[in-house]
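Whatever order the structure lists them in is the order used to number ligands and atoms, beginning at 1. Small disclaimer: the values here were computed from a predicted structure and weren't measured.
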Amino acid sequence: MSPTLEAIFQRRAVKVFEPVVISEELREQILNAARHAPSSFNSQPYRFYWVRSATKKVVVAKLCLGQKPAETAAALVVAVADLGSLSATAQGQLEWMRGSNFTEEKIRDYERKAKIGRILFLPGPFGMFAAIKRALFRLLNLRMVIGMPPLSRQELFKWATKSTSLACENLMIAAEALGLNTCPMEGFDGRRLSKFLGLSSRYHEIVMVIAIGKKSDAVVVEPRWRRPLDATVTIL
Ligand SMILES: Cc1cc2nc3c(=O)[nH]c(=O)nc-3n(C[C@H](O)[C@H](O)[C@H](O)COP(=O)(O)O)c2cc1C
């Protein structure tokens, strides 16, 4: 079997970890794999907070409702959907294109798309722009085939959460491939954890916390059940 598939099939949500140290090199490889996940418009709308300090881990584990995977993890990764990063990302990509061998036409094309993105993605005060844009898109949709972009802040977070979740999966598969184990968690106090990390509710939403470590040999991981393929797939 291919090593990638092996890591995918082997990965389990591990509930108790051994106290191990994750080297800087491993950490970098895992985080690098995360940011190589696909993202909408390559916008990479997330930030990962890698919590390794013992004292901070205690606080974050408590805010993960004292769950065992959080308490025993070697590191906790808080995956945050980050709407505040969008303009800097577009700027960064533009600078990278200018420094690389991209034609003027390609650079202008990206500039134009980034500008449209900025206009589309700006909800405005009290979501006013979103309401106007939604009405316009609905009207257009009566006449032509169009996709509805995320307009309200809530839709923007949903949009950013998709890309963040893909990066989380990459992170977990990479950890598995490198001999580590993980447990994704949505059981946490989002308000307190956001405050602890200094996040702003306007731009940030915590998507999940991932506990990373080495599975404890003392704990048996029960076999897992999956719905049969035909229950989750429709072939047309
Ligand atoms: C979005 C999400 C949230 C989860 N939250 C928790 C959690 O808070 N605590 C926990 O112990 N496991 C959590 N899990 C792990 C699941 O229980 C686990 O993935 C599922 O039972 C399937 O088992 P497997 O990952 O070992 O295949 C979560 C998984 C996902 C994808």
Side-chain angles (χ1 to χ4, degrees), residues 1-20 22 30-31 33-35 37-40 44-51 56-82 154-197 199 204-233:
M1 199 192 286
S2 89
T4 313
L5 283 181
E6 230 167 81
I8 289 172
F9 289 129
Q10 250 178 54
R11 186 216 54 82
R12 297 297 312 279
V14 163
K15 308 290 171 163
V16 186
F17 297 98
E18 298 280 3
V20 289
I22 300 176
I30 293 168
L31 291 169
R35 75 190 176 95
S39 64
S40 178
Q44 305 150 65
Y46 45 72
R47 174 167 284 272
F48 289 102
Y49 291 80
W50 183 288
V51 186
K56 291 194 172 103
K57 250 195 313 155
V58 169
V59 178
V60 175
K62 209 168 141 196
L63 297 178
C64 289
L65 319 179
Q67 293 192 65
K68 205 81 189 153
E71 276 185 341
T72 56
L76 290 165
V77 186
V78 187
V80 178
D82 179 8
Q154 200 185 5
E155 285 167 355
L156 279 167
F157 275 127
K158 182 176 161 194
W159 166 83
T161 297
K162 292 181 206 173
S163 298
T164 309
S165 300
L166 290 178
C168 287
E169 177 66 357
N170 259 28
L171 185 149
M172 289 189 280
I173 299 304
E176 190 73 36
L178 292 165
L180 291 166
N181 307 102
T182 55
C183 181
M185 294 175 293
E186 60 187 345
F188 52 81
D189 183 329
R191 190 178 64 81
R192 287 192 167 83
L193 188 51
S194 293
K195 195 168 171 213
F196 176 72
L197 296 173
L199 305 178
H204 307 123
E205 199 163 279
I206 300 172
V207 174
M208 67 183 88
V209 181
I210 302 173
I212 308 191
K214 185 97 189 132
K215 182 180 88 64
S216 165
D217 286 335
V219 176
V220 180
V221 181
E222 309 253 301
R224 77 180 149 192
W225 176 78
R226 285 295 190 262
R227 296 162 72 199
L229 212 53
D230 63 359
T232 50
V233 178

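- Contacts between Cys183 and ligand 1 below 4.0 angstrom, taking non-hydrogen atoms only, involve the side chain exclusively.
- Side-chain atoms of Ser39 come within 3.5 Å of backbone atoms of Gln44 as a donor-acceptor pair (strictly under, hydrogens ignored).
- The residue Glu222 has no part lying near ligand 1, judged by heavy-atom distances below 4.0 Å.
- Protein non-hydrogen atoms do reach within 4.0 Å of atom 11 (O) of ligand 1.
- Residue Ala13 has at least one heavy-atom neighbour below 4.0 Å for each of these atoms of ligand 1: 15 (C), 18 (C), 19 (O), 24 (P), 25 (O), 26 (O).
- Near Lys15, meaning under 4.0 Å from any of its heavy atoms, are these atoms of ligand 1: 10 (C), 11 (O), 12 (N), 17 (O).
- The protein non-hydrogen atom at the shortest distance from atom 5 (N) of ligand 1 is Glu186 N, 3.0 Å.
- Close approach to Met185 involves these atoms of ligand 1, each under 4.0 Å from a residue heavy atom: 4 (C), 5 (N), 6 (C), 7 (C), 8 (O), 9 (N).
- With a heavy-atom cut-off of 4.0 Å, Met208 does not touch ligand 1 at all.
- Remark: side-chain polar atoms of Thr72 are paired, donor with acceptor, to backbone N or O of Phe17 under 3.5 angstrom.
- Residue Lys68 places every heavy atom at 4.0 Å or more from ligand 1.
- Residue contact check: Gly187 has heavy atoms under 4.0 Å from atoms 8 (O) of ligand 1.
- Put simply, the side chain of Asp189 never gets that close to the backbone of Leu63: no donor and acceptor are under 3.5 Å apart.
- In this structure, Thr232 contributes its side chain and Leu229 its backbone to a donor-acceptor pair below 3.5 Å.
- Taking every non-hydrogen atom of Arg12 and a distance limit under 4.0 Å, the qualifying atoms of ligand 1 come out as 24 (P), 26 (O), 27 (O).
- The ligand atoms of ligand 1 that sit less than 4.0 angstrom from a heavy atom of Arg11 are 24 (P), 25 (O), 27 (O).
- The heavy atom nearest to atom 31 (C) of ligand 1, out of those in Ala211, Pro69, Pro184, is found in Pro184.
- Atoms of ligand 1 found under 4.0 Å from any heavy atom of Arg226 (numbered from 1 in listed order, with element): 22 (C), 27 (O).
- If you number the atoms of ligand 1 from 1 as listed, the ones under 4.0 Å from a heavy atom of Gln67 come out as 7 (C), 8 (O), 9 (N), 10 (C), 11 (O).
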